[in-house]
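Order of listing sets the numbers, starting from 1, for every ligand and every atom in it.
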Amino acid sequence: MIDKKLSRKNFLVTAGVVGTTLVLGSSIITCKKEEKPKEQAKQEGPKCDDVSGLKPEEIEQRKNLQYTDNTPDPAKNCANCALYVAPQNNAPCGGCNLIKGPVSPNGWCTSWVPKA
Ligand code: SF4
């Protein structure tokens, strides 16, 4: 009889421990799942695509060099390119010594060169 009570007690304690572990474990997994999108969030720069003042050949050059406002490689962007011209007077877009028109600090093109 005593053995049965102990056995039942042991069962209840074990069930409580297992249940608590499962609840805490699933909470931790749920928290980690929520953090993942933040880690993968892509950094976006200002929109610098107003090419209205450019000549057709200047627009064509931007296209040929595949200029984009948001770099596909965070390690390579216009802000750390040797050809980048920083924005003036708190403007969101800078310039470039190679292509005409506004350039995003988070932009990129196929002519990217690292700053020395
Ligand atoms: S050369 Fe390309 S990557 Fe470098 S600043 Fe100009 S547009 Fe950006």
Side-chain angles (χ1 to χ4, degrees):
M1 187 74 174
I2 293 174
D3 283 347
K4 279 188 176 179
K5 280 187 180 178
L6 282 177
S7 171
R8 185 180 300 154
K9 183 180 175 186
N10 282 344
F11 171 77
L12 291 174
V13 168
T14 303
V17 169
V18 170
T20 303
T21 304
L22 288 174
V23 169
L24 289 176
S26 65
S27 298
I28 290 169
I29 289 169
T30 303
C31 287
K32 284 187 177 182
K33 280 183 183 173
E34 289 172 5
E35 289 173 9
K36 222 172 184 181
K38 286 181 186 173
E39 293 169 7
Q40 293 175 347
K42 195 173 180 181
Q43 186 183 3
E44 290 195 17
K47 203 169 183 185
C48 302
D49 60 354
D50 181 9
V51 292
S52 57
L54 300 182
K55 298 174 189 168
E57 60 267 24
E58 293 169 339
I59 296 171
E60 194 62 27
Q61 185 187 25
R62 287 171 73 100
K63 287 180 187 167
N64 290 341
L65 296 177
Q66 299 172 30
Y67 172 76
T68 174
D69 281 345
N70 294 299
T71 180
D73 180 353
K76 296 176 181 176
N77 56 48
C78 292
N80 65 20
C81 174
L83 300 171
Y84 184 63
V85 178
Q88 302 291 310
N89 305 320
N90 294 326
C93 304
C96 173
N97 286 318
L98 183 63
I99 65 171
K100 299 288 182 198
V103 170
S104 168
N106 194 47
W108 174 87
C109 84
T110 56
S111 293
W112 179 87
V113 249
K115 279 186 179 172

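Near Trp112, meaning under 4.0 Å from any of its heavy atoms, are these atoms of ligand 1: 3 (S). Heavy-atom proximity to Tyr84, at under 4.0 Å, picks out these atoms of ligand 1: 5 (S).
Of the possible donor and acceptor atoms, one in the side chain of Trp112 sits under 3.5 Å from a partner among the backbone N and O of Asn77. In this structure, Lys100 contributes its side chain and Glu57 its backbone to no donor-acceptor pair below 3.5 Å. Within the 3.5 Å criterion, the main-chain N or O of Pro46 finds no donor-acceptor partner in the side chain of Asn106. Ser104 contributes no side-chain N or O that, together with a main-chain N or O of Lys47, makes up a donor-acceptor pair within less than 3.5 Å.
A distance below 2.5 Å between sulfur gamma atoms is met by Cys48 and Cys93.
Nearest-heavy-atom check against atom 2 (Fe) of ligand 1 across Cys109, Pro114, Ser111, Gly107 picks out Cys109.
Scanning the protein for heavy atoms near atom 6 (Fe) of ligand 1, the closest one is Cys96 SG, 2.3 Å. Looking only at protein heavy atoms, the nearest one to atom 4 (Fe) of ligand 1 is Cys81 SG, 2.3 Å. Closest protein heavy atom to atom 8 (Fe) of ligand 1: Cys78 SG, 2.3 Å.
Contacts between Ile99 and ligand 1 below 4.0 angstrom, taking non-hydrogen atoms only, involve the side chain exclusively.
Under the 4.5 Å side-chain criterion, counting only non-hydrogen atoms from C-beta, Val51 is not in contact with Glu58.
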